[in-house]
Amino acid sequence: MFIICFDFGMKNIGVAIGQFYTKTANPMISLSAKNGVPTNWFKIKNLIDTWLIKEVVIGYPKDNINKNNIFIDYIINFANILVSKFNLKIYFYDESYTSYAARNLINNNFDFYNSFYSSYNVHSISAVYILEMWLKYNNY
């Protein structure tokens, strides 16, 4: 059974797919967005259909909850659209420092990581971090 994760952003939304059994995730794509709304819903539908997705994790800025109320409104709007379009169960999970960790991974000097992650951007790798933490700390 698979689950999808979105690292929400106003211009880019990172995507990762994970599995409950291994509690691991892999980066997929980064979606273009305009004001937090994906410009191509077909890509999301294709991922949901291909991986038989029923549940979604969305990164949520827990550390900045009082500072980014407008940003959080955009995240809630995105979640509501996912529910209405695809009838998915939504979970929110703290995304604090995942972009920093993803940038650190991309910029490090280890050849394995650089070659493996070279085709992914910070948003999809951040989605991996969010999803793997969620899988680790939720009892599935």
Side-chain angles (χ1 to χ4, degrees):
M1 197 164 135
F2 297 96
I3 188 166
I4 195 167
C5 179
F6 295 103
D7 175 41
F8 181 83
M10 298 300 286
K11 294 181 182 178
N12 294 291
I13 299 171
V15 182
I17 299 286
Q19 49 182 296
F20 292 97
Y21 181 72
T22 63
K23 297 186 183 300
T24 59
N26 291 305
M28 298 306 280
I29 59 175
S30 181
L31 302 166
S32 295
K34 185 174 182 181
N35 296 323
V37 178
T39 58
N40 189 339
W41 285 99
F42 178 76
K43 288 182 180 180
I44 294 174
K45 181 181 181 347
N46 188 40
L47 287 166
I48 290 167
D49 292 345
T50 300
W51 294 93
L52 305 174
I53 299 296
K54 301 291 180 207
E55 298 175 295
V56 176
V57 174
I58 300 174
Y60 196 83
K62 184 178 176 184
D63 278 358
N64 297 319
I65 200 160
N66 294 323
K67 298 176 188 171
N68 292 321
N69 289 334
I70 293 172
F71 187 69
I72 290 168
D73 290 344
Y74 282 104
I75 293 171
I76 300 299
N77 182 59
F78 176 65
N80 288 336
I81 294 170
L82 287 171
V83 170
S84 67
K85 282 185 174 286
F86 306 111
N87 194 32
L88 300 167
K89 185 170 184 176
I90 305 291
Y91 302 96
F92 295 100
Y93 196 77
D94 185 17
E95 68 169 10
S96 300
Y97 307 107
T98 57
S99 294
Y100 173 79
R103 280 190 203 95
N104 192 33
L105 179 63
I106 290 169
N107 294 329
N108 70 35
N109 294 322
F110 297 104
D111 291 336
F112 170 76
Y113 289 114
N114 284 335
S115 63
F116 181 75
Y117 289 112
S118 63
S119 61
Y120 302 105
N121 68 20
V122 66
H123 305 287
S124 56
I125 296 170
S126 292
V128 168
Y129 281 117
I130 295 164
L131 187 51
E132 286 186 346
M133 286 187 296
W134 185 88
L135 288 164
K136 180 178 179 179
Y137 295 111
N138 286 279
N139 296 322
Y140 273 91

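Treat the numbers as computed from the prediction; the structure is a model and nothing was measured.
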Rounded to the nearest 0.5 Å, how far apart are [atom1] of [X] and [atom2] of [Y]?
{"X": "Thr22", "Y": "Leu135", "atom1": "OG1", "atom2": "CG", "answer": "8.0 Å"}
{"X": "Leu82", "Y": "Lys85", "atom1": "CG", "atom2": "NZ", "answer": "9.5 Å"}
{"X": "Leu52", "Y": "Ile3", "atom1": "CG", "atom2": "CD1", "answer": "13.5 Å"}
{"X": "Asn26", "Y": "Cys5", "atom1": "CG", "atom2": "SG", "answer": "12.5 Å"}
{"X": "Lys43", "Y": "Ser32", "atom1": "NZ", "atom2": "OG", "answer": "6.5 Å"}

[X] side chain near [Y] side chain, heavy-atom distance below 4.5 Å:
{"X": "Ile58", "Y": "Ile75", "value": "yes"}
{"X": "Ile4", "Y": "Val56", "value": "yes"}
{"X": "Pro38", "Y": "Ile13", "value": "yes"}

What are the two closest non-hydrogen atoms of [X] and [Y], and how far apart are they?
{"X": "Val15", "Y": "Ala127", "answer": "C-CB, 3.9 Å"}
{"X": "Val83", "Y": "Leu88", "answer": "CG2-O, 3.5 Å"}
{"X": "Gly9", "Y": "Ala33", "answer": "O-CB, 4.1 Å"}

Aromatic ring proximity, centroids under 6.0 angstrom, Tyr60 and Phe8: no
Proximity of Phe78 and Phe6 rings by center, below 6.0 Å: yes
Looking only at atom types and distance, does a side-chain atom of [X] sit under 3.5 Å from a main-chain N or O of [Y], one as donor and one as acceptor?
{"X": "Asn46", "Y": "Phe42", "answer": "no"}
{"X": "Thr50", "Y": "Leu47", "answer": "no"}
{"X": "Ser124", "Y": "Gly14", "answer": "no"}

Single-linkage hydrophobic cluster, 4.5 Å side-chain cutoff, Met1 and Tyr137 together: yes
Other residues, nucleotides, ligands: >12 heavy atoms within 6.0 Å of Asn87 CG: no
Test applied, side-chain contact (heavy atoms from CB on, under 4.5 Å); reference residue, Leu31; option that passes from Asn12, Ile44, Asn40: Ile44
Whether Phe2 and Trp51 hold their rings parallel, tilted or perpendicular, with breakpoints at 30° and 60°: perpendicular
